[in-house]
Amino acid sequence: MSDIESSKKQEPVAVSEVKEVKDADYVQGEDGQLYPVPTDQDWKELREVADAIPKSGFLVILIEFCERFTYYGLSGPFQNYIQHPNPESFPADIPGALGKGQQVATALTTFFQFWCYITPVRVPSSVIGGIIADQYLGKYNTILVFAGIYMVGLVILTASSVPAAIENGAAFPAFVVALIIVGLGTGGIKANVSPLVAEQYTVQKPFVRTQKKTNWLGRKQEETERVIVTPQATYQKLFNGFYFGINVGGLSAIATTFLEKQQGFLYAYLLPTCVFILGIIVIVSGKKFYKQANPRGSIFVEVGKVVSIGIRHGLENAKPSNMKNINPEMAAKITWDDTFVDELRRTFKVRRYESLFCCHIVLGICILMSAFYRHVSFFAGSRFSGYAIPK
């Protein structure tokens, strides 16, 4: 191939000219143009770079920032809000509102983290949010629904933190209700926002592109170079921005703990609520920019059906090839294949071994800690008169 022919192959091709090229030789980029796929020589000589993040990707990152800003901004003042009594005025040396003491404050704060991140909400509500998104509404609509639930909890929490509600004793029960509702909302959003940001970039194959070189500050120069744009590098760049938004949103606790001391808890909770309203505005106003995949069925529903059939007929008979001989009508309705059942069986085996492994670790830690305390107790009792560590 001559140098002229080689240079022509590396130039982008308009979509209108797609009939003149082979699909196997070109990839359509996010800008709509067709770019050549890299050759073996290109992989050896050219460096790999990330593509530009789509506008819709930045919108999803902004949504995640608003949600994390709200979550950490709310949870920051919880301990003081519950533990200490309501001061006479603000600024206050020790801000407070409910005056329930340290034990109740620590218990409720720990419960909220448990409620949002472990069980029974973060796992089930995330699963429920995933099922609703995959089976019925799609990720965008599911995020919108759970954002509405989240907003109800924020309104209850903010409204109950006004001085009149605190003085009348209505703040504490409203606070508990708000914790539960906010936990439901955050679990449903977190289940779908990460997959939604991944869906915003649709190019699945690497391609070669000519672009301007950049210096170490990221500024473009006049000189150009040929590079390989890969989906892996682009997804890494996309999720780096996603987690950057999470980390920046986590700094909101600094602002809300300052506000609780200087202005009171009404303003400390009002700030995250206003930021979350901004997130809802971004969700609604950016609808036309998001790339949305249609609901294709939830894997959790299929797993439930396979397990149900496996209990009645055996897991091997849950395969469509075997179900045809047992119940042809049921086999016609099955949406999975034999490979899915085999992969599910392997998953159950791995989880069983992981559970046994975790049990052995916990048992080993308990034995080591028991031996450690006995050892320390012996030396402490022999060296310090009148003192011994309880056995």
Side-chain angles (χ1 to χ4, degrees), residues 59-78 81 108-109 111-134 136-162 165 171 173-197 242-243 245-253 255-256 259 265-287 290 292:
L59 292 178
V60 178
I61 291 172
L62 183 58
I63 293 170
E64 179 65 7
F65 162 78
C66 293
E67 192 277 329
R68 290 292 87 185
F69 185 101
T70 303
Y71 173 82
Y72 289 110
L74 290 179
S75 57
F78 277 172
Y81 182 73
L108 283 176
T109 304
F111 165 77
F112 179 67
Q113 296 173 352
F114 181 80
W115 184 247
C116 291
Y117 282 101
I118 308 175
T119 57
V121 169
R122 177 64 187 275
V123 173
S125 109
S126 294
V127 170
I128 292 172
I131 291 174
I132 293 175
D134 295 336
Y136 303 105
L137 301 180
K139 295 178 181 62
Y140 172 81
N141 292 325
T142 304
I143 290 175
L144 198 58
V145 169
F146 279 94
I149 296 174
Y150 204 132
M151 191 65 208
V152 171
L154 293 176
V155 171
I156 294 174
L157 179 62
T158 306
S160 63
S161 64
V162 299
F175 176 78
V176 175
V177 172
L179 288 187
I180 297 173
I181 296 176
V182 168
L184 288 170
T186 188
I189 292 175
K190 293 296 289 183
N192 293 287
V193 69
S194 297
L196 181 64
V197 73
F242 182 78
Y243 286 106
I246 292 176
N247 293 327
V248 174
L251 299 176
S252 61
T256 54
L259 284 173
F265 290 93
L266 173 61
Y267 297 96
Y269 294 146
L270 185 61
L271 175 62
T273 302
C274 292
V275 172
F276 194 78
I277 292 174
L278 172 63
I280 295 179
I281 294 174
V282 173
I283 296 174
V284 176
S285 61
K287 182 178 181 179
Y290 302 124
Q292 304 178 43

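We use all heavy atoms of the structure for the numbers below, so side chains are in, but hydrogens, waters and symmetry mates are not.
Leu251 places none of its side-chain heavy atoms less than 4.5 Å from the side chain of Arg68. Using a 4.5 Å heavy-atom threshold, the side chains of Thr142 and Tyr136 count as separate. Between Val248 and Phe65 the shortest side-chain heavy-atom distance falls below 4.5 Å. Thr256 is listed as a side-chain neighbour of Pro272, based on a closest heavy-atom distance under 4.5 Å.
When atom types are taken as modelled, the side chain of Ser285 and the backbone of Ile281 share a donor-acceptor pair closer than 3.5 angstrom. The closest donor-acceptor contact from the side chain of Ser160 to the backbone of Leu157 lies under 3.5 Å.
Between atom CG of residue Leu278 and atom OG1 of residue Thr70 there is a gap of 9.0 Å, rounded to the nearest 0.5 Å.
Applying the ring-ring contact (aromatic ring centres under 6.0 Å, His included) rule to Tyr269 yields the partners Tyr81; only residues at least two apart in sequence or on another chain are considered. Tyr140 meets the ring-ring contact (aromatic ring centres under 6.0 Å, His included) test with Tyr290; sequence neighbours excluded. By the side-chain contact (heavy atoms from CB on, under 4.5 Å) test, Leu266 is found to be paired with Thr158, Ser161, Val162, residues two or more places apart in sequence or in another chain being considered.
For the side chain to side chain contact (heavy atoms under 4.5 Å, CB included) with Ile143, the lone residue among Leu137, Asn192, Ile280 that qualifies is Asn192.
You'll find the ring centres of Phe112 and Tyr71 inside the 6.0 Å limit.
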Next on the checklist: Let's go through Leu74 and Leu154 carefully: what are the C-alpha distance in whole Å and the side-chain angles of both, what is the deciding distance for side-chain contact (heavy atoms from CB on, under 4.5 Å) to 0.1 Å, and is it a yes or a no?
Outcome noted: CA-CA 9 Å; Leu74 290 179; Leu154 293 176; 3.1 Å; yes

